[in-house]
Amino acid sequence: RHSWQTSRGPGWSTISPERSRVRMLRRRQAIAAVRLLVLIALAPFVFIGLGLARAAVLLVPVPRLSRRFGQSMGAVALVPLATPSDARTATLVGRVIRAVALRAPWESNCLAQAVLARALLGLLRVPYALHLGLRSSPAVADDPIAHAWVACGRVFVTGGNGFANYEERGVEFKRAV
């Protein structure tokens with residue numbers, strides 16, 4: 001008999017609960033490190049993409065730009081179903097976009113972030129819904145009247161939960177292929 005064999009047969013070994021916890025902790029730390037590396041690796045591409053999206057928002061009229069978003073569904077509060085893997089990918093995309101948008105030398109408003117999130121999620125074949133909403137009257141003088149946000153399953157990729165404060169005016173929807 002080998003040291004890793006037990007009375008249960010080959011391939012079975014006895015691992016203490018403490019050793020199992022240590023392995024799980026190391027695995028979680030490794031996954032977190034890989035996610036951090038992905039964030040760092042994506043940042044330059046997102047920076048360039050955010051600049052291009054901002055330029056598109058400034059130079060192209062919104063009706064013409066919205067033709068590139070996906071299938072228009074009208075004013076419907078629609079969120080596509082997402083697998084856990086899609087939700088993790090969408091969360092990661094949202095984190096990178098928000099981190100880069102805070103550090104960009106230009107104003108990266110909600111529409112520029114939503115356009116970039118739509119492009120990245122489309123490239124990654126993750127289902128999304130890009131929502132455009134209006135607020136009838138701002139609560140505070142600086143509150144925006146119009147807002148754009150992207151959702152994938154339960155994840156709000158960019159723009160936060162716009163359903164809470166804005167009336168839905170349009171949604172562009174893309175299913176996973």
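- Both L111 and W106 belong to a single network of hydrophobic side chains, linked directly or stepwise wherever heavy atoms of I, L, V, M, F, W or Y lie under 4.5 Å apart.
- For the residue pair A82 and D86, the shortest heavy atom distance occurs at CB-CB, 3.9 Å.
- Each of I48 and L121 belongs to its own hydrophobic cluster when Ile, Leu, Val, Met, Phe, Trp and Tyr are linked at side-chain heavy-atom distances under 4.5 angstrom.
- Side-chain contact between N109 and R54 is present, with heavy atoms from C-beta onward closer than 4.5 Å.
- Between A104 and F47, the shortest heavy-atom contact is CA-CE1, 4.0 Å.
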What verdict does the side-chain contact (heavy atoms from CB on, under 4.5 Å) test give for V93 and L116, after you've listed the backbone C-alpha separation in whole Å, the side-chain angles of each residue and the deciding distance to 0.1 Å? CA-CA 10 Å; V93 166; L116 180 60; over 6 Å; no
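- Between A112 and L50 the shortest heavy-atom distance is O-CD1, 4.2 Å.
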Under the ring pair (Phe, Tyr, Trp, His ring centres under 6.0 Å) criterion, do W149 and Y128 qualify, and how do the steps go? CA-CA 10 Å; W149 65 99; Y128 68 87; over 10 Å; no
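- Taking CG of L81 as the reference point, atom SG of C152 lies at 9.5 Å (rounded to 0.5 Å).
- For the pair A114 and T158, the tightest heavy-atom approach, listed with the atom from each and the gap, is CA-OG1, 3.7 Å.
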Mind listing the side-chain donor-acceptor pairs of residues 95-103 below 3.5 Å, one per line with the distance, residues two or more places apart or on another chain?
from, atom 1, to, atom 2, distance (Å)
R98, NH1, G94, O, 3.4
R98, NH1, V157, O, 2.6
R103, NH1, A99, O, 2.7

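- Under the 3.5 Å distance criterion, the side-chain polar atoms of H147 are left unmatched by any main-chain donor or acceptor of C110.
- Residues L124 and L52 do not share a hydrophobic cluster, clusters being chains of Ile/Leu/Val/Met/Phe/Trp/Tyr side chains in contact below 4.5 Å.
- Q113 places a side-chain N or O within donor-acceptor distance of the main-chain N or O of S108, the cut-off being under 3.5 Å.
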